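What follows is a set of notes on a single structure, which appears directly below.
Please read these numbers as outputs of a predicted model, since none were measured by experiment. In what follows, chains are A, B, ... by sequence order, proteins preceding strands, each numbered from 1.
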Amino acid sequence: MNSADVLSLCKRRGFIWPAYEIYGGIAGLYDYGPLGTAMKNNIIEAWRRAYTLGEGFVEIDSDTIGPEAVFKASGHVDQFADKLVTCTQCKTPFRADHLLKDKHPNPGALNFEELDAEIAKHGVACPDCEGELSRSEEFNLMFKTTIGPGSAGRVGYLRPETAQGIFVNFNSLLRYMRERLPFGVIQVGRGYRNEISPRQGVIRLREFNMMEAELFVDPNDKTWPRFRDVRHETLRLVPNEPGDKEVVMSLEEAVEQRVVANETLAYFLWFTQRFLIMVGVDAERLRFRQHLKNEMAHYAADCWDAEALLSFGWTEIVGVADRGCWDLSRHIEFSKVDMSVLMRYDSPVEVEREVIKPKFNLMGPEFKAKAKLVGNALEESDPKEIKGDHIVVLVEGSPLKVDRKYFDVVKVKEKVPGERVVPHVIEPSHGLDRIMYTCLEHAYTEKQDKEGNYIVMRLSPISAPIKVGVFPLMGKEELITPAGEIDWTLRMNGVLTSFDDSGSIGRRYARMDEIGTPFCITVDYQTLEDGTVTIRERDSTEQVRVRKDEVVAILTSLLCGSADFVSLKAK
RNA sequence: GCAGGUGUAAUCUAGCGGUUAGGAUUUUAGCCUUCCAAGCUAAACACCCGGGUUCGAAUCCCGGCACCUGCACCA
């Protein structure tokens, strides 16, 4: 099996196919067909429920386009505004302005033509191999656009991740969450990166689907209440130590041995693992690898990738990062809006401290109009700065010596309700397209039969786009009618079915196997006699006969995992 | 973005200067069929796009696009 087989099936059966094919296609753009869309929605729904119902996160939906300031603050503009030249010999890319550092007073300000001219003028060659350099070109992974008409428009970008949409809404979210940490916010949406060379099918796309969760926590408390419940669960980890050694350890061990930085991060590694396995990632082909220090994103303090073993090798499908306070601090800095949270003490702490109290009645005659300013400066000063008989304060930017006789030092008591902190962020960020592809590749099994390859997609019932195939054993009216009734009943109970009365029964089973439909119901002549139908399970191809009025209840429990086929068969 | 390779129906492929562009799978209609891609009869669907060479191009040449492999890149 290779990725071409999977992609070929995806196209043939309507999961995923290259976009704009009638115009020759665009690398890095793929569309989801009917089955792919249904499956994608199933994965999203499972994820959404895990976070909102399971962990009490809230979901928002923010814009995909944003003004430049947002991405200046996030760091994305500067990370990708580089102008690059590439060596035509050894192919090493260099930042053009760096190469001109000694040759030009301000190379960072040059445009492409000027850079090329300067490089030619000074005969700059490749620092590595002396090879000739290519022309300079922009290297910016964000799609740039203009918000608003013409030259009056503001520079904007398509978001390279959904996360910023949560950070910029932090204050509104904090209010909504009644100003208490920790709280979590999720978002599902598209992100855009103008990749240099998209490859490997849907693994690197220019427009992609993400599911991101941002958990805001108290930086002084990265414990997690539910950690206790799962502390004995295990993770397969590759810590960032020399040798790339893989270790299996419990969450508890991982945190105690400081392999994983804190409980919350460890909990969400496990949470991610559970989700991935639930939607159909093979547990044997899943591990978590810690980012190397030099690999870490500009915002991350620690980061673990969930990696799936695909035909391309180990591939990142989820990143679980401790982003620290990077994002919020940057938005505070750039927007000048406070985004700190008051962590209240159990009861307000009464503290006594010394403050400077200006004697305005004496200062008036001395400092005249500036008396008020001087007084304010004194109030803001620390009594520790008093030097003998005077203190130096800053008034309108210049130091001013103020004599001791103009102020008193008094003790005041004040109540401090808590400490203001900028929350830290734990971010599980999921590449939905990659997860979906992983589910498809891990589900793909083929065996030889007389026709050639017989393909079964062993998709998880949760992800499978079609849940049940409903067939009359043969295309006869007396069988089609009752089968049609069962099909209708299932659909009206929220189970997506596929009704098929064409060709042979074997062909119809095969068709369902190839798109991963977990169960098939067949109405045969016995149904007409005793009202029973058969349920066939995809992976074992075994059948069990049940009363047709029980079909909905049985299938519903089979699909959600509260019943399993083996014990149903034993009954 | 660089180098090499490849583009024929939805899929796999034959054809390598002159073919009504062939086959298989698939799909559709009908017949047949009492549980795992059965059979029969019809039908549908293709030379990646644009130039050039030639009397004549799916076939040769050039450019573009896409895919594959390696390199680089992947915050």
Would you tabulate the side-chain donor-acceptor contacts of residues 312-319 of chain A under 3.5 Å, counting partners in other chains and residues two or more places apart, or write 'none'?
unit_1	atom_1	unit_2	atom_2	d
Thr315(A)	OG1	Gly313(A)	O	3.0

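For the pair Lys11(A) and Glu21(A), the salt-bridge criterion is met [side-chain N within less than 4.0 Å of a carboxylate O].
Rounded to an integer number of Å, the gap from Asp433(A) CG to C74(B) P is 21 Å.
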Quick test: give all pairs of protein nitrogen or oxygen and nucleotides 65-67 of chain B nitrogen or oxygen below 3.5 Å, distance rounded to 0.1 Å.
unit_1	atom_1	unit_2	atom_2	d
C65(B)	O2'	Gly24(A)	O	3.2
A66(B)	OP1	Ala27(A)	N	3.3
A66(B)	O4'	Gly24(A)	O	3.2

Identify all pairs in which a protein N or O lies below 3.5 Å from an N or O of nucleotides 27-30 of chain B, and state each distance.
unit_1	atom_1	unit_2	atom_2	d
U27(B)	OP1	Arg511(A)	NE	2.9
U27(B)	OP1	Arg511(A)	NH2	2.7

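Among the protein residues, Ser8(A) comes within range of the sugar-phosphate backbone only, with heavy atoms under 4.0 Å from sugar or phosphate atoms but none that close to a base. Base engagement by Gln543(A) is indicated by at least one non-hydrogen atom pair under 4.0 Å involving a base atom. Among the atoms of the strands shown, base atoms are found under 4.0 Å from some heavy atom of Arg204(A). Nucleic acid contact for Glu21(A): none, since no nucleic acid atom lies under 4.0 Å from a heavy atom of the residue.
Near-neighbour residues of RNA chain B inside residues 308-319 of chain A, defined by a heavy atom below 4.0 Å, are absent. Residues of residues 468-477 of chain A that place a heavy atom closer than 4.0 Å to RNA chain B, in numerical order, are Leu473(A), Met474(A), Gly475(A).
Within the 4.5 Å cutoff, no side-chain heavy atoms of Val202(A) are placed close to those of Arg434(A).
Ring centers of Phe216(A) and Phe170(A): under 6.0 Å apart, within the cut-off.
One N or O donor and one acceptor, one from the side chain of Thr534(A) and one from the base of C35(B), sit under 3.5 Å apart. Residue-to-nucleotide contacts include no donor-acceptor pair under 3.5 Å from the side chain of Arg508(A) to the base of C35(B).
Checking the phosphate oxygens (OP1, OP2) of A38(B), a side-chain nitrogen or oxygen of Ser504(A) falls inside 4.0 Å.
Comparing C73(B), U69(B), C36(B) against the side chain of Arg199(A) picks out U69(B) as the nearest.
Sequence neighbours left out, the pairs with a member in residues 26-36 of chain A that pass side-chain hydrogen bond (donor to acceptor under 3.5 Å, both in side chains) are Tyr32(A)-Asp433(A).
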